[in-house]
Amino acid sequence: MPRLVILMFCVFSITTGEFVVAGILPEVASDLEVTVGTAGLLVTAYAAGMVIGGPLLTAVTAGIDRKRLMLVLLAVAVVGNAVSALAPGFSLLLAARVVTALVTSTFFAQAIVIAVQSAPPERAGTMVARLAFGMNLAVILGAPIGTQIGSQWGWRATFAAISVACLIGLGLVFWQLTSPSEESRTSAVSELRVLRRATVLVALAITAVGNVGVLMVFSYLAPLLTDLGGHPTTRLPILLLAYGIGATIGNLVGGALYDRDSQLFQPALLGLLAVILVGSWFVATSTTLTVVAVVAIGLLGFAIIPGMQARVMMTAAEAPTLAMAVNASGYQVAAACAGLFGGLIADSTAGPRPIYLVAAGLTTCGLLMTVMATRALRVTDQEDAVVIAG
């Protein structure tokens with residue numbers, strides 16, 4: 001439990017740097033004299049850094065002691081957030097976010113493998129959900145607190161606070177965390193071979209496509225809620241807190257439902273998310289109903305994550321660490337597309353409202369992919385049963 005708590009805090013510290021950007025986009029855009037859509041490239045850049053750096057860094061560091069590797073990754077996060085706070089212009093800020101992102105998915109992959117390997121296989125979804133609670137805290141506490149810090153002392157203070165949190169996490173890992181007893185570590189080449197498997201590629205594609213819609217909405221919550229919903233900017237931290245509460249409940253419930261019946265509940269959650277996104281388009285100008293929509297989107301958007309991660313680990317059991325890093329990259333591919341296409345929509349003459357409908361359509365695509373993959377898995381299981389019976 002102490003190990004899990006430390007890992008949760010470190011995940012909280014690192015991922016706050018990703019989620020808090022949604023709450024400080026207007027301040028960054030105003031201070032650095034760029035449009036909100038251009039400032040949204042910070043989301044895209046962070047995601048691109050995770051996509052590129054995560055799998056490669058995880059594969060290259062496959063044989064390194066986990067504790068030593070985690071310390072180095074946290075140190076990079078400390079420096080990257082500090083540079084973000086001091087960046088005089090948008091270009092350097094963008095570069096600093098990329099550098100910080102390079103280590104994020106590798107750290108999360110190491111942490112989640114430690115958590116999952118400490119429990120029976122049938123509890124994989126639950127363990128993923130428990131560790132991902134650190135990411136939920138980043139949404140519940142990190143993003144609202146960071147947004148409040150940004151509104152009071154400027155967006156630079158937000159990144160400075162995140163740097164300090166990562167530094168505390170580094171100290172906790174150094175003083176309290178011991179390297180777990182390991183199975184023999186594999187080479188980069190042997191780990192990369194798992195990516196040739198069709199089932200793994202399909203699971204990764206589901207993560208990318210299934211999350212891009214809800215991430216598009218989250219990345220542009222500020223203009224969606226202030227420009228359309230009529231909420232003042234001072235209310236954003238509270239609304240982000242509401243989103244985070246929904247995300248926490250959804251994460252825990254989603255992990256439990258996946259462990260109960262993965263073939264039923266995972267598609268059901270995606271379908272319900274698509275319906276909620278369509279409904280959000282209808283109530284986009286209602287100050288009261290947008291609060292309900294925010295909570296519902298947070299709940300369902302995080303309920304689908306444990307199942308997606310558990311599916312990837314199940315299909316890539318020989319290289320779970322690399323698989324989780326690549327899965328995190330798939331998630332960030334979704335975030336990169338969300339930041340880019342959401343920015344184009346937000347800067348268009350139609351304004352940010354169509355983001356809801358586009359998000360619903362993309363989520364539906366993820367639902368269809370999940371249904372097809374589930375059917376293919378059932379057919380394979382039936383064929384295997386016939387072979388065994390024969």
Side-chain angles (χ1 to χ4, degrees), residues 1-20 46 49-50 53-86 96-119 127-143 145-146 149 156-186 188 191 320-322 324-325 328:
M1 183 59 68
R3 175 187 294 176
L4 184 61
V5 171
I6 291 173
L7 293 176
M8 285 169 54
F9 177 80
C10 292
V11 169
F12 160 78
S13 302
I14 292 178
T15 55
T16 293
E18 176 183 3
F19 292 117
V20 77
Y46 196 94
M50 289 187 66
L56 293 178
L57 190 59
T58 302
V60 170
T61 58
I64 299 179
D65 175 76
R66 287 198 197 274
K67 178 179 179 179
R68 186 180 305 169
L69 177 59
M70 287 181 170
L71 290 173
V72 173
L73 297 175
L74 286 168
V76 173
V78 171
V79 175
N81 283 293
V83 173
S84 298
L86 300 172
R97 300 318 299 153
V98 172
V99 171
T100 307
L102 289 174
V103 303
T104 302
S105 61
T106 300
F107 183 89
F108 186 73
Q110 299 288 339
I112 204 167
V113 168
I114 292 175
V116 171
Q117 289 181 344
S118 65
M127 293 307 297
V128 169
R130 288 181 179 177
L131 182 62
F133 182 67
M135 186 167 58
N136 295 144
L137 289 178
V139 180
I140 295 176
L141 298 178
I145 292 174
I149 291 174
R156 298 181 186 277
T158 299
F159 286 119
I162 295 170
S163 181
V164 171
C166 291
L167 183 61
I168 294 173
L170 188 152
L172 289 173
V173 170
F174 179 79
W175 292 108
Q176 298 294 328
L177 196 67
T178 57
S179 296
S181 55
E182 306 251 8
E183 72 283 356
S184 57
R185 305 298 294 274
T186 57
E191 291 236 334
T321 307
L322 178 61
M324 291 313 303

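We number each residue from 1, following the sequence as shown. Side chains are part of it too, since the values below use all heavy atoms of this structure and drop only hydrogens, waters and symmetry mates.
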Apply side-chain contact (heavy atoms from CB on, under 4.5 Å) to [X] and list each qualifying residue two or more places apart in sequence or on a separate chain.
X: Ala165; value: Ser13
X: Leu73; value: Leu57, Leu69, Val103, Thr106, Phe107
X: Val98; value: Ala45
X: Ala82; value: Ser163

Considering all heavy atoms, the nearest [X]-[Y] contact:
X: Ala143; Y: Thr16; value: N-CG2, 4.3 Å
X: Leu74; Y: Cys10; value: CD1-SG, 4.0 Å
X: Ala85; Y: Ala160; value: CB-N, 3.7 Å
X: Tyr46; Y: Ile14; value: OH-O, 3.7 Å

(request) Check step by step if side chain to side chain contact (heavy atoms under 4.5 Å, CB included) holds for Val83 and Val99. (result) CA-CA 10 Å; Val83 173; Val99 171; over 6 Å; no
(message) So, taking the atom named CZ in Phe19 and the one named CZ in Phe12, what distance separates them when rounded to the nearest 0.5 Å?
(response) 11.5 Å
(message) Measuring from atom CG of Asn81 to atom OG1 of Thr100, what distance do you get when rounded to the nearest 0.5 angstrom?
(response) 5.0 Å
(message) For Ile149, is there any backbone N or O sitting under 3.5 Å from a side-chain donor or acceptor partner on Thr158?
(response) no
(request) Apply side-chain hydrogen bond (donor to acceptor under 3.5 Å, both in side chains) to Thr15 and list each qualifying residue two or more places apart in sequence or on a separate chain. (result) none
(request) Identify, with sequence neighbours excluded, every residue that meets side-chain hydrogen bond (donor to acceptor under 3.5 Å, both in side chains) alongside Ser84. (result) Arg97
What pairs of donor and acceptor atoms, side-chain ones from residues 167-174 against any protein atom, are under 3.5 angstrom apart with sequence neighbours left out?
none

